[in-house]
Amino acid sequence: MASPKTPLLDSIESVTTLRGLTVEKLCQVADELRAETIDAASASGGHFGAGLGVVELTVALHAAFNTPDDRLIWDVSHQAYPHKILTGRRGRIRSIRKRGGLYGFTLRAESEFDPFGAAHSSTSISAALGMAVAAVKTGSDRHAVAVIGDGAMSAGMAFEALNNIGAAGERVTVILNDNGMSIAPSVGGLTDYLKELAAKRPLLTDADIAALPAKLAADKSLAAAGSTMFDQFGCAYVGPVDGHNLRQLVDVLRIARTAPRSRAVFLHVLTEKGKGHPFDKPHIENYHALDRFDPVTKEIFKTNAASPTYTKVFATSLMEEAERDSKVIAVTAAMPSGTGLDLFQKKFPDRFYDVGIAEQHAVTFAAGMAADGLKPVAAIYSCFLQRAYDQVVHDVVLQRLPVRFALDRAGLVGADGPTHAGSFDLNYLCCLPGIVVMAPADEAELKHMVATSLAIDDAPSAFRFPRGEGPGAALPERGEVLALGKGRVLRHGSSVAILSLGARLHEALRAADEFAARGLTATVADARFAKPLDEDLVLQLAKHHEVLITLEEGAAGGFGAQVLTLLAARGALDAGLKIRTMTLPDRLVPHGKPEEQYDDAGLTARDIVALGVAALGKGWAERDVETIGRRRSR
């Protein structure tokens, strides 16, 4: 199908061109930019709805501010596809989220128009304030602008930054992109407040906009009658503004740019997520993200899954346990569909809690329930639990409260890249006293680990599992409670032992087959637990094999380090055991398909065999060993 006609957009080589266009021409640019965004998404898929909702705002921002010298920061940056198209990356936009292509979020290394990288929520205001201070300290007159959604605005970090803005007295423009959504519909008291604010205050008129310069210059009392909570934080609240009225947006933003240096402006913009999408049916997430599609027939090209995803297995297993135990509670932080808990919500609405983008609160909220006898399961992506680490330590582990952490997206996650990779949870959890840490090798093991975590009532526990489909293991009718700290041996050999934790087990089994083809027999064991370790299993593997390889989907310092610590403490390294730990490399693995990422990371069956044979020293060419080393370090 032919691409949409975009003659004016085609002529724009730089955003500086936008600053000389009439409003009528800017409106044409916006129309063409929306058409281009839809056409690009039809070819590449990806985050879709958020960008469509800010097309007019994106054009207005680049027309009103002197980007890239003025710093424009997109919170999370799901919505930055139109921004990328306008800032010199249009020719590569259909490569987005593919290996070697554009990143799906803003990225400093990708463009000078991305002054601050993002992908996690609620960081933009803090970064913008830091850049505003840097401008003052370096004698620059540049501006700092943060664009943050109403869902992200609900997180504590955003309010910490607003609190600081009121005291700092620096020139920052905060734009609240209010569409009533994060990924799913926004929840909580702030959402209700913003709805009421938008309902009770009429949209700005042209007369209101004309009066803005005087308003911004006035020294208004923070507690003045009729002030908003944002005024009371020390900002000048402006709004609400129709986020699809390009003329008004340009006027308001140009006035905001001329505000006194000591005045922060808080611009409340009302937008529609997914505006202009080509589909006939409504969607609960307003087409936040989707696969490739035909823009004419509107058919979405979904891949037929051969097996259920780990996420769905977790959700259905948890629901089965909840049917048997009324104390089971599910908690998520603004990710009901991403964690699979939207299924749980439908079945047990009174036992499901979406706390919004508030991982810290989610953990301590769960700790409070655990302290009084409930069985909370906090389902949080591995990369997002990083945001609540002190709560995990202080509020859960130190009190030995039986909060269960379901860590989705463990390991490498494909197109979302390093910002969403679950690389570090084994490191930051295994160092904590008394916690139980598990990792399933397949779907059946995940079901067992859900049951096991709910049976642990005297300690915190976590089970980590990858994104996507499993290998297709048959699911038991009911999950069984596993013996704590006990692994299993799947294949017996004598030369090399492979001790795997998690979903790389299938690669370990393939490696054993390759070893066999070389005349070498390999033992393959599934650790199941990173903590507590199966000490007997580890020591037996070390005793009866010349080479021991540990395998995990995490950074160095995790499971393999736990094994090394045990072996060193027991003197098992003294007799010449050759031990190798296979982890993610000490670098960020770029986005791509998961299989491409794991090949890049050197965690395939081929890499296991190469490492084992090299350790044995039985004819492996030295140049091949060097090649493996280069792959893991580049």
Side-chain angles (χ1 to χ4, degrees), residues 44-46 95-104 107 109 303 305-307 309-310 382-383 409-426 439 441-442 464-472 496 498-518 522 524 526 549-556 558-560 580-615 620-634:
S44 65
S95 73
I96 203 161
R97 292 163 52 88
K98 298 176 183 176
R99 190 177 192 184
L102 294 179
Y103 195 36
L107 183 67
T303 303
S307 306
T309 64
Y310 280 102
S382 167
C383 65
R409 272 56 169 185
L412 300 176
V413 295
D416 281 340
T419 54
H420 285 62
S423 305
F424 309 115
D425 57 87
L426 288 170
D442 56 37
R464 67 189 308 263
F465 51 94
R467 181 178 191 172
E469 301 170 30
V496 176
I498 307 167
L499 179 59
S500 174
L501 178 75
R504 290 282 95 189
L505 180 65
H506 62 283
E507 290 295 320
L509 291 168
R510 289 175 186 164
D513 292 337
E514 292 189 30
F515 276 123
R518 294 170 176 266
V524 178
D526 175 14
I549 298 172
T550 66
L551 179 64
E552 64 194 286
E553 298 170 315
F559 170 65
R580 305 290 186 267
T581 59
M582 297 190 72
T583 66
L584 294 176
D586 189 20
R587 58 180 172 83
L588 301 177
V589 178
H591 59 283
K593 295 179 181 178
E595 58 269 26
E596 295 171 337
Q597 290 185 304
Y598 280 112
D599 179 70
D600 183 6
L603 291 178
T604 68
R606 182 181 72 251
D607 298 301
I608 298 169
V609 172
L611 193 63
V613 174
W620 188 258
E622 186 173 344
R623 57 183 171 81
D624 292 328
V625 177
E626 292 175 353
T627 299
I628 294 165
R630 286 196 297 270
R631 287 178 64 223
R632 293 184 56 77
S633 62
R634 70 169 181 261

Does any non-hydrogen side-chain atom of Val589 lie less than 4.5 Å from one of Arg587? yes
Heavy-atom nearest pair, Ser307 first then Pro471, reads OG-C, 4.1 Å
Would you be so kind as to tabulate the donor-acceptor pairs closer than 3.5 Å made by side chains of residues 508-517, with sequence neighbours excluded?
residue : atom : partner : partner atom : Å
Arg510  : NH1  : Glu507  : OE2          : 2.6
Asp513  : OD1  : Arg491  : NH1          : 2.6

Those residues at least two apart in sequence (or on a different chain) that pass side chain to side chain donor-acceptor pair (under 3.5 Å) with Tyr310 are none
What I'd like to find out is whether the side chain of Arg504 reaches to under 4.5 Å of the side chain of Ile608, using heavy atoms alone. no
The side chain to side chain donor-acceptor pair (under 3.5 Å) partners of Thr419 (sequence neighbours excluded) come to Tyr103
All heavy atoms of Arg97 vs all of Asp416, minimum pair found to be NH1-OD1, 2.5 Å
Sequence-distant partners of Ser382, side chain to side chain donor-acceptor pair (under 3.5 Å), two or more places apart: Asp425
As a test of understanding, state which of Leu603, Leu499, Leu611 forms a side-chain contact (heavy atoms from CB on, under 4.5 Å) with Leu551. Leu603
On a heavy-atom basis, which atom in Ala601 and which in Leu412 lie closest, and how many Å separate them? CB-CD1, 4.2 Å
Please list, chain by chain and in numerical order, all residues satisfying salt bridge (Lys or Arg N to Asp or Glu O under 4.0 Å) with Glu552, sequence neighbours excluded. none
Rounded to the nearest 0.5 Å, the CG atom of Leu426 sits from the CG atom of Leu501 at a distance of 6.0 Å
My understanding is that only one of Thr550, Asp607, Ile498 makes a side-chain contact (heavy atoms from CB on, under 4.5 Å) with Met582; could you say which? Asp607
So, His591 side chain and Leu102 main chain: donor-acceptor pair closer than 3.5 Å or not? yes
Should Arg464 and Glu553 be marked as a side-chain contact (heavy atoms from CB on, under 4.5 Å) after you check the CA-CA gap, both sets of side-chain angles, and the distance that decides it? CA-CA 10 Å; Arg464 67 189 308 263; Glu553 298 170 315; 4.2 Å; yes
Listed partners of Arg409 passing side chain to side chain donor-acceptor pair (under 3.5 Å), at least two apart: Thr311, Tyr381
OG1-CD1 distance between Thr581 and Ile549, expressed to the nearest 0.5 angstrom: 10.0 Å
Enter the distance from Phe465:CZ to Asp442:CG here, rounded to the nearest 0.5 Å. 13.5 Å
Kindly give the heavy-atom pair with the smallest separation between Pro590 and Asp600, and that separation in Å. CD-OD2, 3.4 Å
